[in-house]
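A short worksheet on the structure shown next.
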Amino acid sequence: MKFIFPFFLIFSIFGEPREIKEAYNFYEMKEYRKCINRILSYSKYFKNTKALALLTVSYTRLGEHDSSLYYYELLKKRDGEMLNFEGASFYAGLSYEKLGHPDRAIFAYYRAVYGEKEQDAALLRLSSLLGLKPEILKRLRDTNRLGKLFRRGIIYLFVPQGRLYELGEEFIRGFRMSFKGKFEVLNEKDFYSINDINNICCAVGPLSSRYMFYLSQQLEAAIPVFSPVAVYIPPETLNFIYTPYRIYELEIKKLVDYLINQLGYVYFGLIFNKNAEGYLWQRLFSKELEKNYGKVLFEIEYGDSTLPDSVFETVDTTLLDGIFVPGGDKRALFMASRARVMFPEVPVFGLSLWKGVFETGAFSLENFMFSSLPLTFRDIIKLNNKREEFKNKYYELYNYVPTYIAMRGYDCGLILNKVVAGKREISPAEILLGLKDLKYFQGLSSDWVFTEDIPLEIYYLKRGKLYKKEAGNEERKTREESPQKGGIE
C-alpha cells in the first residue's frame, strides 16, 4: 500500500493560521472587536507578528490605548519589519499621544513615515508635535535626511577662536554655569561641518551674524540652532533656528493689531536708534503697519549725540495717533521723554525691551504702552536682581565683568537644561518637541520664544504703576486693572 503524504499538513504547519486569516477579514470589515477576539482565540497569537500589528491598530481604533501599546511593544521586540503592517506604528503614535507620551509618539510616527499606509498622516502628526512645517519634513524624507532628526547625540557650541577668543570664552563660561549636560566646542568658522557631525543634536552659535547667516543657508537637517546674535533669519529656516529677536517680531504684531484694529489708530511716528537692531525694529514695524493699512508720518533716527529740538518741531501732529519708540538702549528713555514733552497729547509705545530701564525712570512716562509676555513690576525687580547676582557670581568665578554675551550663554544653558532634563544623549526631534512644549522662556538677557502660540499682552504705565490692558477695554483713557501675575524664573 502506497503512503500518501498529507500535503494539507504542510500548509497548516507553515501557512498562516486560520484564526489570523479570519481576524484579518474582520479587520477589513472594520469589525475591530471581532478581530481582537478571533486573534485571542489563537493560542500562539503572541508569537505571530501580523496578529500583534492587528491588535495594535484595532485597540487604538476602539480607544483602548493601553492595550494597543502593550501589543505594539511586543511587536517591536518580535519583528521590526512588521511595525508598519496596516499602519501599526502610526496608530501606536496616536495611542502614545493620548496617554501623554509625545516623546514616544514621535519615534512611532517616524517609523510610520516609511510605511505603506498612513505615511502622510504620520508626517502631519510629526509636523504638529515638532513645530516644523510639513514641507520641511517632506523634503527631509525625500532626500533621506529625516533619520538625522531622530539620531541621538550631544550639543555643540560654535564660538569664535583666535582674535575673538575672549568673546567665545565668555559665552562658554556663561553656558557652563547653567547647563549640566555634556557638550563639545568648535570654532564658529567651521560651521560648514555641521552636516557632517553624526552625533550633533543641537547647535548653539555662532556668535557672528555673518557666520550665522551662512550656517542657516548651509543647514541640511532640521537640527535646532540657538543663535544668540542673529538679527535676521531667512523665513524658510525660521522653524528651527531660534534667536532672542524673534519675540520682538511677535510683540510688534500684537502691538500693531491692538493699536489699529482696536484703538483705531492710523498715523504713526517712529523714533529708533541707528544701529542694526534699530533698523530691524523700523523695518518690522513699517511692514506690519502696511499689512494693517497704517501709515508712517515721520521717522527720527538717533545715535550717541543729542538731537536738536528743531528735529521734533518739524513734525506735523495734526494727524498723529502715536509714536513708536522700541527701547533697548540708554538713549531710548531720553528720546521717549522728549517725545512726551514735545507731543504731550500723543501716546508713546514700545516693546518689552523697556523692562531693563523701568527702574531707572521709565515709570515717569504717563500712559506709555508696550507689549510683553506675562509681567509685573515685581518681576522687573526680580529680573534686575538676578542679573546682578549673575554678574557677581561670574566675577567671583572668573575675575571678569561679564557682558550680555555671557548672559546669553547662561540663558541658552538654562533653556537646554529644561529640554534635555538630565539625559546624556538626546535627539534633535526630542529637543524640538521639548521647545514646542516649553513655548517661551524669560531669561536674564532677553525672552526666547519657540512657538507663535504665546500669551503676549498689552501693558501700560499710569501714575507710576504697571497695568495690563484687558480685552474690551479699548478707550484711549484707560481704566485701572489689577496687576497681572508674571513669569520671570
Measuring from Asp103:CG to Leu129:CG, what's the distance to the nearest 0.5 Å? 10.0 Å
List the steps, then state whether side chain to side chain donor-acceptor pair (under 3.5 Å) holds for Tyr245 with Glu277. CA-CA 9 Å; Tyr245 295 95; Glu277 291 184 356; 2.6 Å; yes
Taking all non-hydrogen atoms of both residues, which atom of Pro224 and which atom of Pro428 are closest, and how far apart? CD-CB, 3.7 Å
Can you confirm whether Phe226 sits close enough to Ile415 that some side-chain heavy atom of one is under 4.5 Å from a side-chain heavy atom of the other? yes
Anything under 30° is parallel, anything over 60° is perpendicular, the rest tilted; go ahead and classify Phe390 against Tyr394. tilted
Would you indicate whether the side-chain heavy atoms of Leu157 and Ile155 approach each other to under 4.5 Å? yes
Might you work through the side chain to side chain contact (heavy atoms under 4.5 Å, CB included) test for Asn292 and Tyr265, ending with a clear yes or no? CA-CA 11 Å; Asn292 289 271; Tyr265 291 177; over 6 Å; no
Does Arg145 have more than 12 heavy atoms from other residues, nucleotides or ligands lying within 6.0 Å of its CZ? yes
Checking Ser427 against Arg152 for the side chain to side chain donor-acceptor pair (under 3.5 Å) test, could you report, in this order, the C-alpha distance in whole Å, the side-chain angles of both residues, the deciding distance, and whether it holds? CA-CA 4 Å; Ser427 69; Arg152 288 190 168 93; 5.3 Å; no
Indicate yes or no for a side-chain donor-acceptor contact from Arg387 to the backbone of Leu444 under 3.5 Å, with no hydrogens or angles considered. yes
Looking at CD1 of Ile431 and CG of Leu130, how far apart are the two atoms once the value is rounded to the nearest 0.5 Å? 11.5 Å
Classify the side-chain pair Tyr395/Asn399 by whether it contains a donor and acceptor separated by less than 3.5 Å. yes
Please confirm whether the backbone N or O of Ile154 pairs with a side-chain atom of Asn199, one donor and one acceptor, at under 3.5 Å? no
Any donor-acceptor N/O pair, Gln442 side chain to Pro374 backbone, under 3.5 Å: yes
Within the side chain of Glu188, is there an N or O that forms a donor-acceptor pair under 3.5 Å with the backbone of Leu207? yes
Measure the CG-CG distance between Leu126 and Leu433 for me, rounded to the nearest 0.5 Å. 10.0 Å
Below 4.5 Å, heavy atoms only, C-beta onward: do Leu186 and Val159 meet side chain to side chain? no
Sub-6.0 Å ring centroid separation between Phe324 and Trp281: no
Is there a side chain to side chain donor-acceptor pair (under 3.5 Å) between Ser89 and Tyr110 once you walk through the steps? CA-CA 8 Å; Ser89 286; Tyr110 166 60; over 6 Å; no
Report the distance from atom CG of Leu137 to atom CG of Leu124, rounding to the nearest 0.5 Å. 9.0 Å
For Glu170 and Thr403, indicate whether the former's side chain and the latter's backbone hold a donor-acceptor pair under 3.5 Å. yes
Using the ring-ring contact (aromatic ring centres under 6.0 Å, His included) rule, pick out the option among Phe240, Tyr440, Tyr242 that qualifies with Phe450. Tyr242
Nearest heavy atoms of Leu132 and Ala222, plus distance in Å: CD1-CB, 3.8 Å
Evaluate the side-chain proximity of Arg173 to Leu397: yes if any heavy-atom separation is below 4.5 Å, no if none is. no
For the pair Asn392 (side chain) and Glu388 (backbone), establish whether a donor and an acceptor sit closer than 3.5 Å, ignoring hydrogens and angles. yes
Min side-chain heavy-atom separation Gln119-Val113 under 4.5 Å: no
Which pair of non-hydrogen atoms, one from Ala92 and one from Thr60, has the smallest distance, and what is that distance? N-OG1, 4.5 Å
Parallel, tilted or perpendicular: which one describes the rings of Tyr156 and Phe158, with boundaries at 30° and 60°? tilted
Check whether any side-chain heavy atom of Ile300 lies under 4.5 Å from a side-chain heavy atom of Leu270, and answer yes or no. no
Considering residues, nucleotides and ligands other than Glu73, do more than 12 of their heavy atoms fall under 6.0 Å from its CD? yes
Strictly below 4.0 Å, N to O, side chains only: are Arg104 and Glu97 in salt-bridge contact? no
Flag the pair Val229 / Ile405 as yes when at least one side-chain heavy-atom distance between them is below 4.5 Å, and no otherwise. yes
Under 3.5 Å, side chain of Tyr459 to main-chain N/O of Met369, donor-acceptor pair present? no
ring-ring contact (aromatic ring centres under 6.0 Å, His included) evaluation trace for Tyr109 with Phe90: CA-CA 5 Å; Tyr109 290 139; Phe90 171 74; 5.8 Å; yes
Using ring-ring contact (aromatic ring centres under 6.0 Å, His included), reason through Phe179 and Tyr410 one step at a time and then give a plain yes or no. CA-CA 8 Å; Phe179 185 66; Tyr410 186 78; over 10 Å; no
Could you tell me whether a side-chain N or O of Asn84 sits under 3.5 Å from a main-chain N or O of Arg111, the two making a donor and an acceptor? yes
Electrostatic pair Glu430-Lys423, nearest N-O below 4.0 angstrom: yes
Between Tyr91 and Glu118, does the side chain to side chain donor-acceptor pair (under 3.5 Å) criterion hold? Intermediate values first, please. CA-CA 9 Å; Tyr91 288 98; Glu118 312 293 356; 3.1 Å; yes
Check whether any side-chain N or O of Ser371 sits under 3.5 Å from a backbone N or O of Glu251 as a donor-acceptor pair, and report yes or no. yes
Roughly how far, to the nearest 0.5 Å, is CD1 of Ile136 from CZ of Arg141? 14.0 Å
Locate the shortest heavy-atom distance separating Arg331 from Gly303; write the atom from each residue and the value. NE-O, 3.2 Å
Take a 6.0 Å sphere around CD of Gln218 and say whether it holds more than 12 heavy atoms from other residues, nucleotides or ligands. yes
Assess whether atom OH of Tyr114 is packed by more than 12 heavy atoms of other residues, nucleotides or ligands within 6.0 Å. yes
Could you check whether any side-chain N or O of Arg340 sits under 3.5 Å from a backbone N or O of Val346, counting only pairs where one atom can act as donor and the other as acceptor? yes
Sole residue of Phe349, Tyr248, Phe368 in ring-ring contact (aromatic ring centres under 6.0 Å, His included) with Trp354: Phe368
Contact summary for Gly93 and Ala105, nearest pair of heavy atoms: O-CB, 3.5 Å
When rounded to the nearest 0.5 Å, the distance separating CZ of Phe272 from OH of Tyr279 is 6.0 Å
Between Phe107 and Phe150, what is the ring plane arrangement, given parallel below 30°, perpendicular above 60°, and tilted in between? perpendicular
Between Lys439 and Ile454, which heavy-atom pair has the shortest distance, and what is it? O-CG2, 3.9 Å
Using the ring of Phe268 (Phe, Tyr or Trp, six-membered ring only), decide whether Lys295 places NZ or CZ under 6.0 Å from its centre and within 45 degrees of its axis. no
Side chains of Phe191 and Ser193 in contact at under 4.5 Å (non-hydrogen atoms): no
Tell me, yes or no, whether the heavy-atom count around Lys76 atom NZ, taken from other residues, nucleotides or ligands under 6.0 Å, exceeds 12. yes
Do Glu457 and Lys468 sit within salt-bridge range, that is, some charged N less than 4.0 Å from a carboxylate O? yes
Arg246 bridged to Glu452 by N-O distance under 4.0 Å: yes
Tell me whether Lys386 is salt-bridged to Glu389, with the criterion being a basic N under 4.0 Å from an acidic carboxylate O. no
